[in-house]
Amino acid sequence: MRRIYMDANATTPLLPEVLDAMRPFFIESFGNASSIHQPGQRARAAVEHAREQVAALVHCRPAEIVFTSGGTESDNTAIFGILRPGDHLITSSIEHHAVLHAAEKARDRAIEVTFLPVSASGVIDPGDVRRALKPNTKLISVMMANNETGVIQPVEEIGKIAAEANVAFHTDAVQAAGKIPIDVSTIGCHLLSISGHKLHAPQGIGILYVRRGTRFEPLLFGGSHERQRRAGTENVPGIVGLGKAAEIALAALTDGTEERIAALRDRLEHGLLAGVEACGVNGAGQPRTPNTTSFYFDHLEGEALVIALDLKGLAVSGGSACSSGSSEASHVLNAMGVLLARARASLRFSLSRLSTDADVDAALELVPAAVAHLRELSPMYQKHMAEAPAQ
Ligand SMILES: Cc1ncc(COP(=O)(O)O)c(C=O)c1O
């Protein structure tokens, strides 16, 4: 059976060029980047080269990049690194759990937290950020693009509000990196998180951009790695892989790759809208990352559809992958005011540079057939049909 992967927001495979770049650092050039001998110095040079490659992707100085174990660690470092008991955090109700659950934990530690609402199409209102400011507000954390809907948030406006109020601004750019341009000066952020495995680097590597002069308490203590901002022996192969992936992702922003992915996503959307009744796009009409679409197929269970499609060879996800296994409806769709039944009937398709026209053709065959089959079996759908006015 041909396998089609449309779950790139959950994770992406390594690109062959990324694996090639990493390979020497597992065996021949295995040195510890803190060692002063030659193997160590080779590893150090590779880490510093990767730092430059990642800095180019977000337009910052290499020294402002701190390598971490991924998006979750970067988000936690931003929150717990800046905030102290008595401080106030402004964040949103559609953040990834890496921010949301960290914010909830911060609340247990006597940090005040405001969770901002979003519009029906999944956008945070910068006016709400301004209105939520308090004298003790120390951090605003708002994501750059949402992992479930792809909706891009007005981070530049929020950055201006943060600057005027002299408050630190963190943005989780895990789902933006490699998909849309990122310039930390334009955003006006002090901290920004990226995760390697969302852009064809390995799992377990990421970065936190920390603007020069931004004081924060590290999450981990130990050696003086990463200029005392993140203790622990550097994951040299992972860092090298992330550097290479960042270089490729930067080129993809201008060589037509992202436009090609957007065209595939749009063809998938139009095909499904035309070929399936009672379906639609969550977050439609908003600027979105080019690879993502969140679809609802009313009158069925999204989880059942994910399984049915998987059996036919198509990998997609219901809600966010990190909450799969729990049957709770997505907190993102809930925050957008999507009714529970529709939220549970929603699926995320997320493409990557490896997606092809043939993948979209196959999805346009498989999805309408699977939806029709599940609806035939669905008491929800039968009830809906029985109640529908006769044509
Ligand atoms: C928006 C967002 N932030 C953070 C994370 C966590 O990143 P990691 O898997 O590297 O811990 C994810 C992963 O899905 C994400 O989508």
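Heads up: numbering here begins at 1 and tracks the sequence. We count ligands from 1, going down the list as the structure has it; atoms in each ligand are counted the same way. Small disclaimer: the values here were computed from a predicted structure and weren't measured.
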Are any of the heavy atoms in K198 under 4.0 Å away from ligand 1? yes
Taking only non-hydrogen atoms of H197 and a 4.0 Å limit, the atoms of ligand 1 in range are 8 (P), 9 (O), 10 (O)
Checking the N or O distance criterion of under 3.5 Å, is ligand 1 in contact with T72? yes
Quick note on ligand 1: atoms under 4.0 Å from a heavy atom of Q175 include exactly 1 (C), 15 (C), 16 (O)
Using a 3.5 Å cut-off on N or O atoms only, is G70 in polar contact with ligand 1? no
Counting heavy atoms only, which part of M143 comes closer than 4.0 Å to ligand 1: side chain, backbone, both or neither? side chain
Which of the atoms of ligand 1 are close to N147, meaning less than 4.0 Å from one of its heavy atoms? 1 (C), 16 (O)
Verify salt bridge (Lys or Arg N to Asp or Glu O under 4.0 Å) between R130 and E164, making sure each step is shown before the conclusion. CA-CA 10 Å; R130 191 188 296 281; E164 283 166 23; 3.1 Å; yes
Among D172, N76, N146, L100, the residue with a heavy atom nearest to atom 1 (C) of ligand 1 is D172
Just which atoms of ligand 1 are under 4.0 Å from any heavy atom in D75? 3 (N), 4 (C)
Carefully, step by step, assess H88 and T114 under the rule side chain to side chain contact (heavy atoms under 4.5 Å, CB included). CA-CA 8 Å; H88 175 227; T114 302; 2.6 Å; yes
What are the two closest heavy atoms between Q153 and I124, and how far apart are they? OE1-N, 2.9 Å
Counterpart residues, side chain to side chain contact (heavy atoms under 4.5 Å, CB included), relative to P368 (two or more places apart): L272, V276
For residues 50-68, which side-chain donor-acceptor pairs fall under 3.5 Å, sequence neighbours excluded?
| residue | atom | partner | partner atom | Å |
| --- | --- | --- | --- | --- |
| R51 | NE | E48 | OE1 | 2.8 |
| R51 | NH1 | I65 | O | 2.8 |
| R51 | NH1 | E226 | OE1 | 2.9 |
| R51 | NH2 | E48 | OE2 | 3.2 |
| R51 | NH2 | E226 | OE2 | 2.9 |
| Q53 | NE2 | H49 | NE2 | 3.4 |
| Q53 | NE2 | E247 | OE1 | 2.8 |
| H59 | ND1 | I182 | O | 3.0 |
| R61 | NH1 | E64 | OE2 | 3.0 |
| E64 | OE1 | R61 | N | 2.8 |
| E64 | OE2 | R212 | N | 2.9 |
| T68 | OG1 | G70 | N | 3.2 |
| T68 | OG1 | G70 | O | 3.2 |
| T68 | OG1 | S74 | OG | 2.9 |
| T68 | OG1 | G206 | O | 3.4 |

Side-chain ion pair, K179 and E258, N-O less than 4.0 Å: no
Could you work out, for atom 15 (C) of ligand 1, the closest of M144, E95, H96 by heavy-atom distance? H96
Apply side chain to side chain donor-acceptor pair (under 3.5 Å) to the pair N147 and D172, showing each step before the final yes or no. CA-CA 10 Å; N147 40 305; D172 175 338; over 6 Å; no
